Each structure stands twice: as C-alpha cells, then as structure tokens.
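Below is one structure; the comments refer to it alone.
Keep in mind that this is a model prediction, so the values were computed, not measured.
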Amino acid sequence: MEPIIKLIKNRSDIGAGTRGSDMGVDAIEIAAINQNSDYFNRFEFEDVETHNESIYDKDRSTFAKRIEHVVEQCTRVCSAVKENLESHFFPIVLSGDHSSALGTISGIKTVYPDQTLGVIWIDAHADLHSPYTSPSGNIHGMPLAAALADDNLGCQINEIAPETQEYWEKMKNIGCKGAKISAENLVYFGVRDTQEAENKQIEKLEIKNYKVDEIRYRGLKTCVKEALEKLSHCEILYISFDVDSMDCDLISYGTGTPVARGFDQYEIIAIIDQIIETNKVVCIEFVEVNPLLDNKGNKMAETAFEVLEHITTTVLLPLE
C-alpha cells in the first residue's frame with residue numbers, strides 16, 4: 001500500500017539569526033511552478049500557524065532569542081506531526097529554520113513512545129548548542145540538544161536568566177517528558193561547521209559524523225549502509241535535511257548559514273533514497289531555504305524541490 005503523503009508547511013524563521021527562511025516554502029512552490037510540476041496540487045497539505053511577527057519584539061534572552069515563541073512554534077509543529085501520524089499520513093515537513101525539527105521529533109516520539117527513534121541529520125551544522133553554550137543565542141542551533149535533553153554544562157559560557165531556563169525546560173519536554181532520542185541513535189551526514197562545545201559533545205557522546213570527504217573516499221552506499229547498520233535496532237527513522245548540507249559554491253548561498261565543500265543534490269538524493277528503502281522512515285523534513293540570500297535567483301529552492309520531487313515520486317510512492 002502506498003504511503004499517504006501529507007505536506008506540513010511551517011513558515012517560521014524565528015529560531016534563525018537571519019530573516020528570510022519563512023519564505024522558503026513558497027520559494028520551493030514557485031520552483032515547482034516554474035518547472036511546470038503539479039507536485040503541490042497532488043498532495044494534501046496543512047499550514048502550521050506561525051508567529052513570525054515576534055521578531056519585532058525586544059529579546060528578553062540574548063542566549064536563547066525569542067525562546068518563548070520558539071517553544072510555541074515547536075509545540076504547534078509537534079501537534080501537527082502527531083495528528084497526521086495518528087491519521088496514518090506520511091508527513092513531509094517543509095519548514096523555515098531548523099529549530100522546528102525539535103517539534104517534529106517530539107511529535108514522532110509522542111505517537112511512538114515505546115519505539116526507538118533513529119535520527120539522520122543531514123546538515124553542515126551539529127545543532128548541539130544549548131542556551132548555556134550558544135555563542136549566538138539562535139535556537140536553530142539547539143534542536144538536538146533539546147531532543148537529547150543534554151545541556152552540555154561542562155562547556156557552559158553563558159549565565160542564563162531564570163525565565164530562559166524555564167522556557168528551555170519546556171522545550172525539552174514538548175510532547176512528552178524527557179529526552180526524545182539517545183546519542184547512539186543519532187547519525188550526522190555532512191556536518192563540517194562546528195564550535196568547540198559541539199565538538200566536545202560529539203566526542204563525548206560518540207556521535208558518528210559521515211563527512212563529505214569520507215563518503216566520497218569510502219563510497220556513499222558503503223557509508224549509508226554502515227549508518228543503517230548502526231541504527232538497525234531503531235524501529236522508526238526520521239530524516240532531517242538542512243539545505244546548507246549542500247555546497248554553497250556549487251549550489252547557492254540561499255540559506256541562512258551557507259558552508260562550502262558540501263554535498264551536491266545527487267548525493268543528497270542517493271543518501272535519502274537508501275535510507276527510505278529500509279521502510280522505517282516515518283517522517284522527512286526540509287529546512288533552511290532562504291530565497292532572500294540566494295545569489296543565483298531561486299536556485300536553492302529549485303535544488304531543494306529537485307530532491308523533494310525525486311524522493312517523493314521515485315522512492316516513497318513506489319514503495320509497497
């Protein structure tokens with residue numbers, strides 16, 4: 001039986017440091033229109049309510065900017081993912097900034113509390129900061145710390161206010177209490193732009209990171225197979241695809257934190273295809289397309305749509 005795909009559109013960029021990723025979903029839709037694709041007319045969709053006007057509020061916390069509104073947004077995403085999974089849809093979440101992934105992971109875990117969730121994080125960044133360690137205070141760099149419920153206090157550089165601490169605890173407990181994933185069930189692909197606090201966490205927690213050079217040297221299929229073997233005990237999988245995992249010089253600078261020497265779109269497609277073929281994937285998320293920063297027209301959105309259309313029509317729909 002074909003999975004019933006549902007598009008969840010979350011046009012929020014309040015967790016980012018640069019404005020514009022809230023327009024990413026529309027940029028991807030425009031890319032589809034320009035390619036004469038009826039993709040966005042083929043599937044049911046749901047728009048998640050947003051609070052992007054909160055960017056005009058004065059930040060009460062410099063170490064976790066707009067955290068009260070990020071908690072609100074992640075809770076909305078959590079509810080949307082939960083309700084759609086319970087209704088037997090396969091959610092493809094199209095989001096602005098990457099903080100939303102915490103909501104997605106929380107929604108999945110709420111529906112499958114007794115199953116082990118594996119996370120494949122395709123990204124240039126580790127997103128392991130907490131308010132205690134973040135040099136920027138941008139929460140799109142914190143979703144995995146919240147999902148792991150690990151503050152990394154050994155690398156603390158910030159003294160956070162009680163109000164911020166209260167909201168951070170709420171973030172860690174969205175959907176269901178406590179950690180949603182364990183570090184052994186998290187695998188990175190393409191992470192290459194990290195800070196010292198994150199490097200120490202990756203080393204301490206022994207999180208495997210398949211870097212671009214390693215994948216090209218050892219072979220993509222070999223590395224993905226190895227990652228899947230590591231996660232073989234996980235009953236369900238979630239894929240989070242941040243477009244900055246792709247090479248900004250090759251593709252585009254149309255993302256909030258572009259990083260050179262990344263993947264091309266064909267490598268991304270091959271990685272995701274191989275993971276989907278396990279039949280364990282219950283949700284996929286696309287994040288961080290920012291058309292305001294694109295130096296090649298709408299190239300990043302066009303490339304993201306190329307990946308989206310391929311994995312949907314070539315891999316997801318033909319699965320039985």
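A donor and an acceptor atom, one from each side chain of D273 and H310, are located under 3.5 Å apart. Remark: the N52 side chain and the H69 side chain contain no N/O donor-acceptor pair separated by less than 3.5 Å. Residues E309 and S37 bring a donor and an acceptor atom of their side chains to less than 3.5 Å of each other. Side-chain N/O atoms of T133 and N152 include no donor and acceptor closer than 3.5 Å. Checked by atom type, the side-chain pair S100/Q73 shows no donor-acceptor distance below 3.5 Å.
Note on F286: it does not cluster hydrophobically with I30, by side-chain heavy-atom contacts below 4.5 Å among ILVMFWY residues. Linking ILVMFWY residues whenever their side-chain heavy atoms come closer than 4.5 Å, directly or via other members, places V282 and I181 in the same cluster. Following chains of ILVMFWY side-chain contacts shorter than 4.5 Å, one cannot reach I8 starting from F241, and the two form parts of different hydrophobic clusters. At a threshold of 4.5 Å between side-chain heavy atoms, the hydrophobic network of Ile, Leu, Val, Met, Phe, Trp and Tyr places V259 and I202 in two separate groups. A single hydrophobic cluster is not seen to contain both F90 and L117; linkage of ILVMFWY side chains at heavy-atom distances under 4.5 Å, directly or through other members, places them apart.
A salt bridge links K172 and D151; the closest N-O separation between the charged side-chain nitrogens and carboxylate oxygens is under 4.0 Å. A salt bridge between K9 and D26 is absent, with no side-chain N of the basic residue lying under 4.0 Å from a carboxylate O of the acidic one. Using a cut-off of 4.0 Å between Lys/Arg side-chain N and Asp/Glu carboxylate O, D247 and R261 are scored as not salt-bridged. Ion pairing of K296 with E302 is absent here, as no side-chain N (NZ or NE/NH1/NH2) approaches a carboxylate O to less than 4.0 Å. Using a cutoff of 4.0 Å between basic side-chain nitrogens and carboxylate oxygens, K230 and E226 are not scored as salt-bridged.
When atom types are taken as modelled, the side chain of N158 and the backbone of I160 share no donor-acceptor pair closer than 3.5 angstrom. In terms of modelled atom types and a separation under 3.5 Å, the side chain of D193 and the main chain of A124 share no donor-acceptor contact. Counting only distance, with no hydrogens or angles, the side chain of R66 and the backbone of G15 share no donor-acceptor pair below 3.5 Å. Checking side-chain atoms of E169 against main-chain N and O of E166 turns up no donor-acceptor pair under 3.5 Å. Of the possible polar contacts, none joining the E235 side chain to the Q115 backbone as a donor-acceptor pair under 3.5 Å is found. With hydrogens and angles ignored, the 3.5 Å screen pairs no side-chain donor or acceptor of E203 with any backbone N or O of K200. Side chain of K6 to backbone of S87: no donor-acceptor contact under 3.5 angstrom is found. Without hydrogens or angle criteria, T278 side chain to I275 main chain gives a donor-acceptor distance under 3.5 Å. In terms of modelled atom types and a separation under 3.5 Å, the side chain of D294 and the main chain of K299 share a donor-acceptor contact. Counting only distance, with no hydrogens or angles, the side chain of D13 and the backbone of G96 share no donor-acceptor pair below 3.5 Å.
Proximity of L102 to V70: side-chain heavy atoms (C-beta onward) are nowhere separated by under 4.5 Å. Counting heavy atoms from C-beta outward, I207 and L128 have side chains that approach closer than 4.5 Å. By the 4.5 Å heavy-atom criterion applied to side chains, I239 and E285 are not counted as neighbours.
Each of K65, E288, H129 was compared with H140 under the side chain to side chain donor-acceptor pair (under 3.5 Å) criterion, and only E288 meets it.
Under the 30°/60° scheme for interplanar angles, the aromatic rings of W121 and H98 are found to lie parallel.
Around atom NZ of K211, no more than 12 heavy atoms belonging to other residues, nucleotides or ligands sit under 6.0 Å away. For E196, the CD atom counts as loosely surrounded, since its 6.0 Å shell holds 12 or fewer non-hydrogen atoms of other residues, nucleotides or ligands. By the 6.0 Å contact criterion, OH on Y266 is open, its count of non-hydrogen atoms from other residues, nucleotides or ligands being 12 or less. Around the NZ atom of K221, the shell of radius 6.0 Å holds no more than 12 heavy atoms that belong to other residues, nucleotides or ligands. Counting non-hydrogen atoms of neighbouring residues, nucleotides and ligands closer than 6.0 angstrom, the CZ atom of F45 reaches no more than 12 such neighbours. Within 6.0 Å of atom CD in E159, 12 or fewer heavy atoms from other residues, nucleotides or ligands are found, so the atom counts as exposed in its surroundings.
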Item checked: Trace of the side-chain contact (heavy atoms from CB on, under 4.5 Å) decision for I120 with Y238 -> CA-CA 6 Å; I120 295 95; Y238 156 69; over 6 Å; no
Note to self: I'd like to know whether T110 forms a side-chain contact (heavy atoms from CB on, under 4.5 Å) with V81, so could you lay out the CA-CA distance, the side-chain angles of the two residues, the decisive distance to 0.1 Å, and finally the verdict.
What the structure shows: CA-CA 9 Å; T110 302; V81 170; over 6 Å; no
Margin query: Set out, in order, the CA-CA distance, both residues' side-chain angles and the distance that settles side-chain contact (heavy atoms from CB on, under 4.5 Å) for Y39 and T312, then state yes or no.
Written below: CA-CA 9 Å; Y39 181 92; T312 306; 2.9 Å; yes
Checklist line | V243 vs Q265, side-chain contact (heavy atoms from CB on, under 4.5 Å): CA-CA, chis, key distance, verdict | finding: CA-CA 9 Å; V243 297; Q265 68 268 42; over 6 Å; no
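The line from CD of E163 to CD of E68 is 6.5 Å long, rounded to the nearest 0.5 Å. The distance from the CD1 atom of I276 to the CG atom of L237 is 10.5 Å, given to the nearest 0.5 Å. Once rounded to the nearest 0.5 Å, the distance linking CG of N10 with CZ of R76 reads 9.5 Å. Here CG of L85 is found 6.5 Å from SG of C283. Values are rounded to the nearest 0.5 Å. With rounding to the nearest 0.5 Å, the separation of CD in E267 from CD1 in I215 is 7.5 Å. Taken to the nearest 0.5 Å, the OG atom of S130 stands 10.0 Å off from the CD atom of E198.
Nearest heavy-atom pair, A304 versus I28, reported as atom, atom and distance to 0.1 Å: CB-CD1, 4.2 Å. Annotation for A64 and T164: closest pair CB-CG2, 3.8 Å, computed over non-hydrogen atoms. The minimum heavy-atom distance between I268 and S245, with the atom names listed, is CD1-OG, 3.6 Å. For the residue pair K180 and G178, the shortest heavy atom distance occurs at NZ-O, 2.8 Å. In plain terms, the two heavy atoms of E46 and A80 that are nearest each other are OE2-CB, 3.6 Å. Nearest heavy-atom pair across Y188 and A126 is OH-O, 2.7 Å.
Cation-pi geometry between K208 and Y210 is met: under 6.0 angstrom from the ring centre, within 45 degrees of the axis.
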